[in-house]
Amino acid sequence: MNNLLLLPLWIVDILGSAVVLILGWTTFRSSRKLLARDAENALWLFLYWLTLALLLFGLSRSLGHIGGYVLLLTGHESWGKEIRPYSGGLNAILSLVIASVTLFFHDIQKLYRRMEADHHHIEATSHEILALNREMEAIVMERTMSEMALGMADGIRNPLHVIGGFGNRLLKKAAADDPARNWAIAITDAAKSLEQMVERFEDLAQNKKSFFSQEDLNKIVRGILEMLEGEFERKKVHLVTGLHAAPVYGQMNKHLLKVAISHLLRNSLEATAPQGEIHVTTALDQSHAILVIQDSGRGMAPEVVTRVFEPYYTTKVGGTGLGMVFVRQIVDEHRGTINLDSQVGQGTTVTIRLPSRFSEALI
């Protein structure tokens, strides 16, 4: 009689167990398919193990309950009491497995997201390096062609001066009614025209605008500081920024400037002790975009400052002595100036001035 009264509860429990098994098996199959598509996906791997643990838990619970009912109906309730502790222990172990998998994935997910962010950052940096290499190659090619063009112009100008000089002498010596006077005039006029053509050719050869565009120095600096944020944190150096409120526009090659500014900031980081400060400020005057990098590091002696831009001169162990040379070369390519002020124990200040327009740099 009692069993008949409990029958509705048993039916509900059995149906519930069946639903749990069906859902557990369905989710497990789905996660297995996802993992088969992308075996290296951390999320699919987590779902696979989680659904497997849930399926085993549902299977263990369902068998325990249904088996208990069967034993009760067949008069072997004592067996059920003996088995119940083992079944409960297995369920407890599976619950711990589920909790452990979830907590483990929570930590792994943080690491995975960090790795994914680093992967995207590396890809972006790789693209920038490729773009920088292409532009460096183009600049080297342009410089080679410019030097060849200037050499040709110089080679043309020398004999041209001789021809023009002799033409002027003939013009001075020829009488007004001398037929040779018209020839001398034609020679000098042609020499002047060729001289003007050579000058235009030189101006064209010296033009470097093709690899530079109107860029915002603030935007370039922000990108570099974001890239070096981790290095500042690891070194425990405080970064103080004072970027100009308005965009600081100038004729710049952003890839080359990133190389130069990154090198200067890394030099400051190496020279600055933990808890020190590095100030990065930008400014704008009537004709120049200005960048100032100031650190509270160990500074440099006067004899080091005077040689810092010399090729192969370095105070670092294992250094090449070419970093600051490249920095100055990049600033020169922008027709700008770089000044370095440093005192031992007082830190170093680097000031870069870049022309807003190339035409102003030629005045």
> If you apply the rule side-chain contact (heavy atoms from CB on, under 4.5 Å), what do you find for Tyr48 with Arg32, and how did you get there?
CA-CA 6 Å; Tyr48 174 80; Arg32 188 173 61 178; 4.0 Å; yes

> Could you walk me through whether Val305 and Leu340 pass the side-chain contact (heavy atoms from CB on, under 4.5 Å) test, one step at a time?
CA-CA 7 Å; Val305 175; Leu340 191 146; 3.8 Å; yes

> When you measure from the side chain of His288 to the backbone N and O of Ile290, does any donor-acceptor pair fall under 3.5 Å?
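Not confirmed, His288 side chain does not pair with Ile290 backbone.
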
> Please round to the nearest 0.5 Å and tell me the distance separating atom CG of Leu291 and atom CZ of Arg353.
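The CZ atom of Arg353 is 12.0 Å from CG of Leu291, to the nearest 0.5 Å.
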
> Kindly say whether Val259 contributes a backbone atom to a donor-acceptor pair with the side chain of Ser262 at under 3.5 angstrom?
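Flag not set: sc Ser262 to bb Val259 has no pair under 3.5 Å.
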
> Donor-acceptor pair, Asn218 side chain versus His244 backbone, under 3.5 Å?
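Pair found, side chain donor or acceptor close to backbone of His244.
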
> Roughly how far, to the nearest 0.5 Å, is OH of Tyr249 from NZ of Lys219?
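Answer rounded to 0.5 Å: 8.5 Å.
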
> For side chain to side chain donor-acceptor pair (under 3.5 Å), just list the numbers for Thr348 and Ser342, CA-CA rounded to whole Å, side-chain angles, deciding distance to a tenth of an Å, and then say yes or no.
CA-CA 4 Å; Thr348 302; Ser342 184; 2.8 Å; yes

> Between the side chain of His334 and the main-chain N/O of Asn253, is any donor-acceptor distance below 3.5 Å?
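Yes, because the side chain of His334 sits within donor-acceptor range (under 3.5 Å) of the backbone of Asn253.
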
> Which atom pair, heavy atoms only, marks the closest approach of Ala289 to Ser356?
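Distance-wise, the nearest heavy atoms are N-OG, 4.2 Å.
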
> Please report the interatomic distance CD(Glu229) to CD(Glu226), rounded to the nearest 0.5 Å.
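Taking CD in Glu229 and CD in Glu226, the distance rounds to 7.5 Å.
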
> Could you tell me the separation between the CZ atom of Arg328 and the CZ atom of Phe309, rounded to the nearest 0.5 Å?
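It is 5.5 Å, given to the nearest 0.5 Å.
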
> So, do Met252 and Ile220 sit near enough that their side-chain heavy atoms are less than 4.5 Å apart?
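A side-chain contact exists here, since the closest heavy-atom pair is under 4.5 Å.
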
> Using side-chain heavy atoms (C-beta onward) and a distance below 4.5 Å, is Arg222 in contact with Leu225?
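No, every pair of side-chain atoms sits at 4.5 Å or beyond.
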
> If you round to the nearest 0.5 Å, how far is CD1 of Ile352 from CG of Asn339?
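Going from the CG atom of Asn339 to the CD1 atom of Ile352 covers 9.5 Å.
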
> Cluster question for you: counting only ILVMFWY and a side-chain heavy-atom cut-off of under 4.5 Å, with indirect links fine, are Val325 and Ile261 together?
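No, Val325 does not connect to Ile261 through the hydrophobic network.
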
> Is the count of non-hydrogen atoms from other residues, nucleotides or ligands lying under 6.0 Å from Phe232 atom CZ greater than 12?
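Enclosed: over 12 neighbouring heavy atoms sit under 6.0 Å from CZ of Phe232.
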
> If every non-hydrogen atom of Met324 is compared with every non-hydrogen atom of Val308, which pair is closest and at what distance?
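Here Met324 and Val308 meet closest at CB-O, 3.4 Å.
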
> Please tell me if the side chains of Ser268 and Ile293 come closer than 4.5 Å, counting only heavy atoms from C-beta onward.
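Yes, close enough: below the 4.5 Å cut-off.
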
> Can a donor-acceptor pair be found, under 3.5 Å and without considering hydrogens, that links the side chain of Lys235 to the backbone of Thr272?
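Indeed, once roles are kept as given, a pair shorter than 3.5 Å links the two residues.
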
> Begin with the C-alpha distance, continue with both residues' side-chain angles, and end with the deciding distance and a verdict on side-chain contact (heavy atoms from CB on, under 4.5 Å) for Glu277 and Asp295.
CA-CA 6 Å; Glu277 291 185 351; Asp295 64 60; over 6 Å; no

> Rounded to the nearest 0.5 Å, what's the gap from CD1 on Ile22 to CG on Leu55? Could you check?
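So the CD1 of Ile22 and the CG of Leu55 are separated by 12.0 Å.
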
> If you look at every heavy atom in Leu243 and Thr282, which pair is closest and at what distance?
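For Leu243 and Thr282, the tightest heavy-atom pair comes out as CA-OG1, 3.3 Å.
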
> Quick one: are Ile278 and Val240 in side-chain contact, heavy atoms under 4.5 Å?
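Side chain of Ile278 against side chain of Val240, heavy atoms only: no contact under 4.5 Å found.
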
> Are any side-chain N or O atoms of Thr306 and backbone N or O atoms of Glu303, one a donor and one an acceptor, separated by less than 3.5 Å?
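Pair found, side chain donor or acceptor close to backbone of Glu303.
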
> So which atom in Ile224 and which in Leu257 form the shortest heavy-atom distance, rounded to 0.1 Å?
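The answer is CD1-O, 4.4 Å.
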
> Assess the residue pair Leu265 and Val280 against the criterion (side-chain contact (heavy atoms from CB on, under 4.5 Å)); give the C-alpha distance rounded to whole Å, side-chain angles, the decisive distance to 0.1 Å, and a yes or no.
CA-CA 9 Å; Leu265 285 171; Val280 180; 3.8 Å; yes

> Would you say that His279 contacts Val292 through its side chain, given a criterion of any heavy-atom pair below 4.5 Å between the two side chains?
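With C-beta onward as the side chain, the pair stays apart.
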
> Just to verify, what does Asp341 make a side-chain contact (heavy atoms from CB on, under 4.5 Å) with, not counting sequence neighbours?
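Applying side-chain contact (heavy atoms from CB on, under 4.5 Å) to Asp341 gives none.
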
